[in-house]
Each structure stands twice: as C-alpha cells, then as structure tokens.
Amino acid sequence: MDYSELIGISCSAEEGYVQHIEERSHLRPHPASTTFLLFVPASVMTASMMSKDNTELTISCHQEWIWNAFAEAHAAFITTKSRDRACEWSLGRHIDLWPLDDVRCGDALWCTPDFLTAQNARMSSHGLTPLRMLTPQKDWPTRLGSELLGRTAVESTVGDVLSWGSYDDSGLADSTASGGCAPWSQLVNGRVPDFPAAQRDLPVLQQALAHAPADSHILVSTHVPDIAEEWMVVVHRGRAIAAQGYCIHQPIGSRNIISVFDGAAFTEDNIEHAMQLAEAGAKRLDIDSVAMNIAFRSDSRALVLEALPTWCTPLYAYPAQATGQLLQAIADCSLPDEFNGAEASVGGDETDSRVFQADSWMKRCYASRFAN
C-alpha cells in the first residue's frame, strides 16, 4: 500500500480488506519540507474552525475512490439532523506518495498499513515518537475462537510454518473444507506484494515463505465454501455504530463478487445478526474501535472473516447519519504517546498489544520508502 505531493482540499460544513498500492521506485524524492494544507472558506471559519467541537481528520490516500467515499459521506452527513452534527468535522486529504511532516501521536488519521510503516520508520529516524494506532491483537483469531470464526484458524510465525510436515502439525487438517479445498493464508496485519491473501496447499505456502523473515506472523484458516454475502460492521466503544453489506458472491461460494459500489443488493434481515456478531467479537478482543468483516453462508449462518483496524478500513456506503460516529471511531484509533506504556502490552506480551506493530516483512518492503 504507497507518495506524490501534498494537496489541500476544502471539505467544509457548508459545502457539499485495502489492496496494496504498487511501489513506485521511479518517483522523485520528496521535498525537504512539506506542509499540509486544509482550505476552509471564510464563510465557514466562524461556524467550524472557531468551535471547540471542531475535529480535523486527515485522509492519507492516493486512490480517488477512497477519498470520494469519505467526501461524499461527509457531504451527506451535513444535510442530516443527526445530533452528532454538534461536532463539525473537517476532512483534509494527504496524497500518500509523500510522508506527513507535521503529524504527531494523537492526531486523527486514516491511512493504509504500508503508509504507516513507512511514516513511522521516517519519524523514528528523525527522533520523533512513532504514531500509535489502535489495532486488533496479532492473535485475534485465537481470541475470537471457533464459535465466532466459524472455522479453524491459526496464527504462526514463518519459521514455524516452514517446519510443518502437514497442516495437521498446525492444528488444521489437510482436507478440512468441502472438496479438500486448500486453506487461506495471509499476513496477520497488513499485506506485502509477494504474499497476497490466497488459498495455498502446504508446499505452495512454504515455497511462498521461503525468503520471508522467520518472525513474520502468518494467518492460516480453513476455506469456507458457501459464502453468500459479506458485511462490514464498525464497533466503537462496545456498540455497533454502522453496518453495511460489502459484497455478494455470485454464484454462492464463488470468487466472483459484486460490491456495494457496483449496486449489489443485500439481505436486510442480516443486519441485526451482523451487528450482534461484531459486538461479540469486539468484546472478546477488548478493543474500543474495530471493523469486523462478517460473512453469511448459504444457510444464513454468520461468521467473522476478519477483525480489521478501523483506521485503515474505507467507508462502505454506510448510512449518512452514522458518519459522525464513524469519523470519531477512526479518530479514536490515533492514540496519545502515553497510551503505549499504559495499555499497549499487558505483561510485556507483544501478542497482547493493541497498538499497531508493523510485521518484519512489511518493514522490509516499506520502511525505507521515505528514507532521506
């Protein structure tokens, strides 16, 4: 996931799982000094910029669809009568082909994990405290359990995976899915170009990991053969604040999907079940802000496909009245510096950390992106 010039975009109260971004080695070096610009018309200055309730959220991305999803949701939100309108939100856009020079711990930020990995490496090299972003624990599948996952899943290091003689050694059977379908494998947190989420039998998986860092964390889970719909649910402070169908599989169980942005129609009766399951998952993880990818099978059974950081999950056409709460849920993921010592890791156990820690494979791919 990847940097160009910084631009300021006016988005005032009166105006109306992310794929990688290929690394672009041909880009010229970033300027020595970069300034973030957020333009707000003078007519709005009194109403929003001078208000104590004004909140600014920076969206760091270069994909237009991600920015448009935020901008359109914000524009729709300001026309609602939601009580959350008391807090006037300002959205600023940063093109993530460049680093952010003026961001600090606690500043509200939406970004991709690869950008955060590069940004934090650069901040560390300049003697600055890296950003702390609230993230599900690395062993979130174990914490959720098979009851909520609806399948078997294990989290392991590359070194351990390379030692397996069969999936039985991991706790997964070689043919646990209907038809003997191979399990899915991916990095636990984030993605790297050479290892996208995919189904792999063990020899293929081990070959894909042959040159990976031994301490990288891999998630391996059994295939669910009959997924009909996927929903995204954001849980904030224990309550599901927004739920929206993300995609439908057509036909059921296939990899051919139609997304909400393509006009997919969803089973409205699923919304309550999706929200209840997401809330149960967030409670198990003991996390204040999280996005849950919920899948519904052909017989309407539901399961948690993934627990995702709210700060890197795009807005999926959620109801306009929920926008204020969604922006707050994202902003609350940006933790103050003191959070790390107090709550990041219980008992010094890294797997219990709820602060994003870039996987060593991601560091290898992205940490030098902003080097100067």
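If you take NE2 on His94 and OG1 on Thr58, they are separated by 9.0 Å, rounding to the nearest 0.5 Å. Note that CG of Leu327 is 9.0 Å distant from OG1 of Thr55, once rounded to the nearest 0.5 Å. Within the model, atoms NZ of Lys138 and CZ of Arg143 stand 12.5 Å from one another, a figure rounded to the nearest 0.5 Å.
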Run the side chain to side chain contact (heavy atoms under 4.5 Å, CB included) test on Trp140 and Glu155 for me, step by step, so that the C-alpha distance in whole Å, both residues' side-chain angles and the decisive distance to 0.1 Å come before the verdict. CA-CA 9 Å; Trp140 64 262; Glu155 179 269 327; over 6 Å; no
Check the pair Asp286, Arg354 against side chain to side chain contact (heavy atoms under 4.5 Å, CB included), reporting the backbone distance first and the verdict last. CA-CA 9 Å; Asp286 189 24; Arg354 285 164 290 166; 4.0 Å; yes
Run the numbers on Leu277 and Phe296 for side chain to side chain contact (heavy atoms under 4.5 Å, CB included), then give the verdict. CA-CA 11 Å; Leu277 188 59; Phe296 285 87; over 6 Å; no
Is there a side chain to side chain donor-acceptor pair (under 3.5 Å) between Asp160 and Ser163 once you walk through the steps? CA-CA 5 Å; Asp160 287 340; Ser163 71; 4.8 Å; no
Should Glu229 and Trp231 be marked as a side chain to side chain donor-acceptor pair (under 3.5 Å) after you check the CA-CA gap, both sets of side-chain angles, and the distance that decides it? CA-CA 7 Å; Glu229 295 185 4; Trp231 286 64; 2.9 Å; yes
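When side chains are defined from C-beta on, Tyr167 counts as touching Pro183, because their heavy atoms get closer than 4.5 Å. Under the 4.5 Å side-chain criterion, counting only non-hydrogen atoms from C-beta, Arg364 is in contact with Pro213.
Counting only distance, with no hydrogens or angles, the side chain of Asp262 and the backbone of Ile258 share no donor-acceptor pair below 3.5 Å. For the pair Glu279 (side chain) and Val235 (backbone), a donor-acceptor distance under 3.5 Å is absent. Looking at Asp169, its side chain does come within 3.5 Å of a backbone N or O of Gly165 through a donor-acceptor pair. Judged purely by atom type and a 3.5 angstrom limit, Gln199 uses its side chain to pair as donor or acceptor with the backbone of Ala182.
Of the charged side-chain nitrogens involved, none lies within less than 4.0 Å of a carboxylate oxygen, so that Asp299 and Arg297 do not count as a salt-bridged pair.
Between the side chains of Asp215 and Ser360, a donor-acceptor pair is found at a separation under 3.5 Å. A donor-acceptor pair shorter than 3.5 Å cannot be found between the side chains of Ser334 and Asp107.
Using the six-membered ring where Trp is involved, Trp110 and Phe70 have ring planes that are perpendicular, over 60° apart on the 30 and 60° scheme.
For the pair Arg200 and Phe195, the cation sits on the ring face: its NZ or CZ lies under 6.0 Å from the ring centre, inside 45° of the axis.
When the shell of 6.0 Å around CD of Glu147 is examined, it contains 12 or fewer heavy atoms from other residues, nucleotides or ligands.
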